[in-house]
Amino acid sequence: MDALKKQPIRKLRKPAEILKLNPERNPYSTRIFEYADLIWFDGVESARSDLKNIEFLHGPLVVDLGCGSGNFLRQFALRYPEKRFLGFELRFKRLVFAAKKLKKGEINNVRLIRSLAEVATEWIRPGSVELLHVNFPDPWPKKKHRKNRLIQPAFLETLHQLLMSQGRFVFKTDHQEYFQSSLEFLQGDSRFEVSHLCHDLHQSEIENIPTEFELLFKSQGLPVYYVELQKI
Ligand SMILES: C[S@@+](CC[C@H](N)C(=O)[O-])C[C@H]1O[C@@H](n2cnc3c(N)ncnc32)[C@H](O)[C@@H]1O
């Protein structure tokens with residue numbers, strides 16, 4: 001029953017509204033407009049439905065939810081220039097940093113979306129994702145805040161809708177409790193099967209592109225938990 005609950009969605013102010021409220025609050029909120037070819041965002045009426053028609057989004061797509069400043073996407077896209085990559089991120093500064101790196105590297109197969117990952121289905125067509133990564137999502141460690149976690153039972157609905165048949169989902173985290181509690185429902189859903197499960201990614205043979213946060217945790221000697229699911 002839990003899986004049928006609607007995923008709670010935090011309120012996201014649109015860039016234009018933020019500018020109107022306080023133009024000096026965050027200079028990066030204006031700078032995303034300099035990269036309008038790479039960063040798509042809420043703020044324009046019906047932008048999402050228009051974007052669904054953009055050829056880039058027809059897939060197959062590799063998606064990174066909460067992509068930070070884009071190191072992972074940049075490396076992945078360089079390794080697979082024939083694939084199309086899409087990153088979701090909330091923070092303006094990280095989006096600008098990511099876009100800057102993509103421009104500098106002349107990487108043309110990545111787009112970034114300034115939007116909540118929870119509403120990814122409003123941007124992406126059903127069944128068009130071949131691989132979806134959630135790398136080190138905010139763990140919301142306090143019990144009363146856990147409802148804000150991205151990975152929760154209702155997320156499986158999003159995942160099922162986005163992934164194509166045989167599509168894969170990868171979740172990496174340093175947070176043991178987040179990982180263990182997520183495994184309970186990730187392993188229990190018969191629409192997916194667990195293809196890899198590992199409690200210390202860096203001691204394993206699993207092919208891996210490290211993210212910014214991952215390198216930080218690695219330098220502190222912390223293990224990285226890893227699970228990979230495949231849609232049946
Ligand atoms: C801990 S960081 C990890 C960044 C990157 N994935 C990495 O591994 O280096 C989590 C990122 O997710 C973004 N984020 C948090 N909640 C989000 C949401 N609901 N939708 C999209 N991005 C989100 C944050 O702004 C932040 O950049």
Side-chain angles (χ1 to χ4, degrees), residues 6-15 18 25-26 28-29 31-32 38-43 47-48 51 61-77 85-102 110-124 129 131-142 145-159 162 169-179 182 201-202 206 208-220 222-228:
K6 206 165 160 35
Q7 184 150 10
I9 294 171
R10 284 182 291 138
K11 280 214 176 343
L12 172 66
R13 279 180 297 177
K14 297 168 182 172
I18 287 172
R25 189 167 149 184
N26 182 350
Y28 290 96
S29 60
R31 293 206 47 204
I32 65 165
L38 292 180
I39 306 174
W40 296 326
F41 46 85
D42 276 334
R48 295 177 194 173
L51 279 175
L61 291 167
V62 177
V63 174
D64 182 6
L65 299 181
C67 64
S69 29
N71 276 2
F72 173 78
L73 278 175
R74 185 184 62 83
Q75 288 185 59
F76 213 156
F85 295 84
L86 197 59
F88 281 73
E89 175 54 51
L90 286 181
R91 289 178 186 253
F92 292 115
K93 189 173 178 179
R94 293 186 180 163
L95 284 165
V96 168
F97 279 19
K100 228 179 184 174
K101 283 176 205 157
L102 297 174
V110 182
R111 299 291 182 278
L112 305 164
I113 295 190
R114 200 260 164 168
S115 178
L116 283 165
E118 286 85 346
V119 297
T121 51
E122 295 179 19
W123 299 88
I124 304 172
V129 176
L131 174 61
L132 190 144
H133 268 265
V134 176
N135 297 321
F136 306 89
D138 294 340
W140 297 99
K142 286 189 183 157
H145 291 150
R146 285 186 193 159
K147 60 180 185 298
N148 292 321
R149 285 180 172 175
L150 177 59
I151 310 288
Q152 52 178 294
F155 177 73
L156 287 167
E157 299 307 313
T158 305
L159 194 59
L162 292 175
F169 165 61
V170 170
F171 171 36
K172 293 197 269 185
T173 181
D174 63 304
H175 198 279
Q176 190 183 24
E177 185 279 325
Y178 192 5
F179 187 70
S182 303
L201 176 63
H202 299 139
I206 294 171
N208 182 46
I209 297 177
T211 72
E212 292 114 75
F213 275 74
E214 184 169 348
L215 290 175
L216 198 72
F217 298 131
K218 193 178 175 191
S219 72
Q220 295 166 359
L222 295 170
V224 166
Y225 304 95
Y226 179 102
V227 64
E228 186 176 321

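Both counts, for ligands and for their atoms, begin at 1 and track the order of listing. Computed from heavy atoms alone, side chains included, the values below leave out hydrogens, waters and symmetry copies.
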Ser69: heavy atom below 4.0 Å from ligand 1, yes or no? no

Can you confirm, on distance only, whether ligand 1 has an N/O atom lying under 3.5 Å from any N/O atom belonging to Glu89? yes

Looking only at distance, does Phe136 have an N or O less than 3.5 Å from an N or O of ligand 1? no

Tell me whether Glu118 reaches ligand 1 (any heavy atom closer than 4.0 angstrom to a ligand atom). yes

Geometric class of the Phe76/His133 ring pair [parallel <30°, tilted 30-60°, perpendicular >60°]: perpendicular

At a 4.0 Å threshold, what atoms of ligand 1 neighbour a non-hydrogen atom of Asn135? 3 (C), 5 (C), 6 (N), 8 (O)

Does Phe171 have its ring centroid less than 6.0 Å away from the ring centroid of Tyr178? yes

Under 4.0 Å from a heavy atom of Glu212: which atoms of ligand 1 are those, numbered in the order shown and with their elements? 9 (O)

Ligand-residue contact atoms, ligand 1 with Ser115, heavy atoms, under 4.0 Å: 20 (N), 21 (C)

Flag Gly66 as yes when one of its N or O atoms lies below 3.5 Å from any N or O atom of ligand 1, and as no otherwise. yes

Where ligand 1 meets Thr211 - atom numbers and elements under 4.0 angstrom, heavy-atom basis: 7 (C), 8 (O), 9 (O)

Determine the interplanar angle of the Trp140 and His145 rings, folded into 0 to 90°, and report it as parallel if under 30°, tilted if 30 to 60°, perpendicular if over 60°. perpendicular

May I ask you to list the atoms of ligand 1 that are less than 4.0 angstrom from any heavy atom of Arg91? 25 (O)

Under-4.0 Å heavy-atom contact with ligand 1, by part of Arg94 that carries it: side chain

Close approach of Leu116 to ligand 1, heavy atoms, under 4.0 angstrom: yes

Looking only at the side chains, is there a donor atom on one of Glu214 and Asn208 sitting less than 3.5 Å from an acceptor on the other? yes

Which residues pass the salt bridge (charged side-chain N to carboxylate O under 4.0 Å, His left out) test with Arg31, not counting sequence neighbours? Glu34

Strictly under 6.0 Å, is that where the ring centroids of Phe179 and Tyr225 end up? yes

Among Val63, Leu86, Ile124, side-chain contact (heavy atoms from CB on, under 4.5 Å) partner for Ile113: Leu86

Taking the basic N atoms (NZ, or NE/NH1/NH2) and the acidic carboxylate oxygens, is any pair closer than 4.0 Å for Glu177 and Arg146? yes

